[in-house]
2 protein chains.
Amino acid sequence: MTRQRRAVESALAQAEGFCSAQDLHAQLRDAGERVGLATVYAQLRQLTEQGRVDVVRSDAGEALYRQCGEGEHHHHLRCRQCGHVDELHAPAVETWAQEIGVSSGYTALSHSLEVTGLCPNCA
Amino acid sequence: MTRQRRAVESALAQAEGFCSAQDLHAQLRDAGERVGLATVYAQLRQLTEQGRVDVVRSDAGEALYRQCGEGEHHHHLRCRQCGHVDELHAPAVETWAQEIGVSSGYTALSHSLEVTGLCPNCA
DNA sequence: TTTCTAAATTGTAACCGTTCTCATTATGGG
DNA sequence: CCCATAATGAGAACGGTTACAATTTAGAAA
Ligand SMILES: [Mn+2]
Ligand SMILES: [Mn+2]
Ligand SMILES: [Zn+2]
Ligand SMILES: [Zn+2]
């Protein structure tokens with residue numbers, strides 16, 4: 001448990017929606033914390049492996065990270081304009097995805113689902 | 001309608017699953033067609049704008065393209081091992097995604113959904 | 001057919017996010 | 001404290017993508 005690790009976790013904690021590794025790095029720099037970009041990436045990889053953060057790919061292909069409430073599986077409702085994210089739970093979709101895969105003979109199933117739109121503020 | 005345009009479309013047509021821009025470029029080169037990589041990207045951008053191809057992001061962040069049967073909206077069941085892709089139609093998910101967005105005050109809704117697993121051949 | 005112009009093509013360089021390298025630094029158990 | 005071990009981080013390398021400008025081409029007009 002290093003100073004840098006704490007710094008990255010705290011930066012993630014106070015971030016509103018999803019943000020990129022470089023966003024976090026800049027945020028830390030602005031806050032006076034000196035943390036290497038490589039370290040930010042390393043911490044994010046670890047946190048991701050531990051299931052402590054969600055990762056999504058932006059349309060531009062950039063990885064975006066967000067501290068994740070629970071370790072449990074869920075999906076996102078994201079505003080294309082401001083990046084605001086709500087978490088969704090969708091039991092019906094979970095079972096649908098599972099069944100459709102099984103019925104095609106697939107195993108080791110998983111799935112990803114994201115709903116996007118314009119939030120009330122941005123509409 | 002140039003020779004290169006025809007070549008890219010034909011390469012896409014005879015590709016089985018999704019493939020990257022660089023895959024297509026290599027495939028064309030092997031087939032004796034001389035087409036610049038920049039042109040392949042340009043054609044794929046156009047085809048995407050026209051809705052003639054699907055684009056998905058690999059976990060590595062690479063863009064993968066596939067000629068799309070219909071212009072209609074659909075989703076994918078993809079094998080993580082061999083890349084094989086089946087197209088899915090899921091009316092129940094469509095309405096669910098729409099309703100969940102509306103109920104949070106969102107507009108201009110869209111969504112993406114992909115189911116992944118190991119296909120019978122790869123299991 | 002020949003001419004002409006706007007559009008397409010393409011090699012190359014730049015771009016950008018990410019990963020790698022490895023010398024340096026820090027951690028924490030004994 | 002000491003030291004083995006792990007983390008850090010500046011910079012280079014990497015890989016996919018895009019920008020650019022020079023060249024070529026398509027296709028319409030003469
Ligand atoms: Mn989440
Ligand atoms: Mn498709
Ligand atoms: Zn918004
Ligand atoms: Zn397979």
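Below, read A as the first sequence line, B as the second, and so on, with proteins coming before strands; counting in each chain starts at 1.
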*Asks:* Does a sphere of radius 6.0 Å around CZ in A/Arg3 hold more than 12 heavy atoms from other residues, nucleotides or ligands, not counting ones at 6.0 Å or beyond?
*Replies:*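 Yes.
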*Asks:* Rounded to whole angstroms, how far apart are CZ on B/Arg34 and C1' on C/dA8?
*Replies:*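 Going from B/Arg34 (CZ) to C/dA8 (C1'), I get 16 Å.
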*Asks:* On the nucleotide D/dT8, are OP1 or OP2 found under 4.0 Å from the side-chain N or O atoms that A/Gln43 carries?
*Replies:*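 Answer is yes, contact under 4.0 Å.
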*Asks:* Rounded to whole angstrom units, what separation is found between the CZ atom of A/Arg45 and the P atom of D/dG9?
*Replies:*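 Checked: the CZ to P distance equals 14 Å.
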*Asks:* Would you check if A/Glu94 and A/His111 make a side-chain contact, meaning some heavy-atom pair closer than 4.5 Å?
*Replies:*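 Sidechains of A/His111 and A/Glu94: in contact.
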*Asks:* Under 4.0 Å between a side-chain N or O of A/Gln22 and OP1 or OP2 of C/dC16?
*Replies:*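 Looking at the OP1 and OP2 atoms of C/dC16, neither is under 4.0 Å from any side-chain N or O of A/Gln22.
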*Asks:* Measure from the side-chain heavy atoms of B/Thr2 and tell me the nearest of D/dA26, D/dT8, D/dT17.
*Replies:*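 Looking only at side-chain atoms, B/Thr2 lies closest to D/dA26.
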*Asks:* Using 0.5 Å steps for rounding, measure from the CG atom of A/Asp86 to the NE2 atom of A/His75.
*Replies:*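 One gets 14.5 Å once the value is rounded to the nearest 0.5 Å.
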*Asks:* Does B/Gln4 have a side-chain nitrogen or oxygen under 4.0 Å from the phosphate oxygens OP1 or OP2 of C/dA8?
*Replies:*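 Checking B/Gln4 against C/dA8: no side-chain N or O falls below 4.0 Å of OP1 or OP2.
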*Asks:* Within this structure, what is the CZ-to-C1' distance between B/Arg57 and D/dG15, rounded to whole angstrom?
*Replies:*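 For the pair B/Arg57 CZ and D/dG15 C1', the rounded distance is 13 Å.
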*Asks:* Between P on C/dC16 and CD on B/Glu62, what's the gap in Å once rounded to a whole number?
*Replies:*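 These atoms are roughly 20 Å apart.
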*Asks:* Respond yes when some side-chain nitrogen or oxygen of A/Tyr41 is under 4.0 Å from OP1 or OP2 of C/dT18, and no when none is.
*Replies:*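 Answer yes for this pair, as a side-chain N or O of A/Tyr41 is under 4.0 Å from OP1 or OP2.
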*Asks:* Calculate the interatomic distance between A/His25 atom NE2 and D/dG11 atom C1'; express it in whole Å.
*Replies:*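 Going from A/His25 (NE2) to D/dG11 (C1'), I get 13 Å.
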*Asks:* On DNA chain D, does the nearest nucleotide to A/Val40 precede the nearest nucleotide to B/Tyr65 from the 5' side, or the other way round? Give the residue.
*Replies:*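 Result: A/Val40.
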*Asks:* Which listed nucleotide (D/dG9, D/dT8, C/dG11) is nearest to the side chain of A/Val35?
*Replies:*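 Selected nucleotide (nearest to the side chain): D/dG9.
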*Asks:* Atom CG in A/Leu28, atom CD in A/Gln4: separation rounded to 0.5 Å?
*Replies:*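 These two atoms lie 10.0 Å from each other.
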*Asks:* Could you tell me if the side chain of B/Leu88 sits less than 4.5 Å from the side chain of A/Trp96, heavy atoms only?
*Replies:*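 Yes. Closest side-chain heavy atoms under 4.5 Å.
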*Asks:* How many Å lie between CG on A/Leu24 and P on C/dG17, as a whole number?
*Replies:*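 Distance, rounded to whole Å: 13 Å.
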*Asks:* Would you indicate what B/Ala63 reaches in the nucleic acid, counting non-hydrogen atoms under 4.0 angstrom: base, sugar-phosphate, or nothing?
*Replies:*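 Sugar-phosphate contact only - B/Ala63 comes under 4.0 Å of backbone atoms but never of a base.
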*Asks:* Between atom CG in B/Leu44 and atom P in D/dT18, what is the gap in whole Å?
*Replies:*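 Between P of D/dT18 and CG of B/Leu44: 10 Å.
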*Asks:* For A/Gln46 and C/dT19, what is the distance between atoms CD and C1' respectively, to the nearest whole Å?
*Replies:*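 Roughly 15 Å, once rounded to whole Å.
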*Asks:* Measure from the side chain of A/Leu37, starting at C-beta and using heavy atoms only, and say which of C/dT18, D/dG9, D/dT17 lies closest.
*Replies:*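 The answer is C/dT18, which lies nearest to the side chain.
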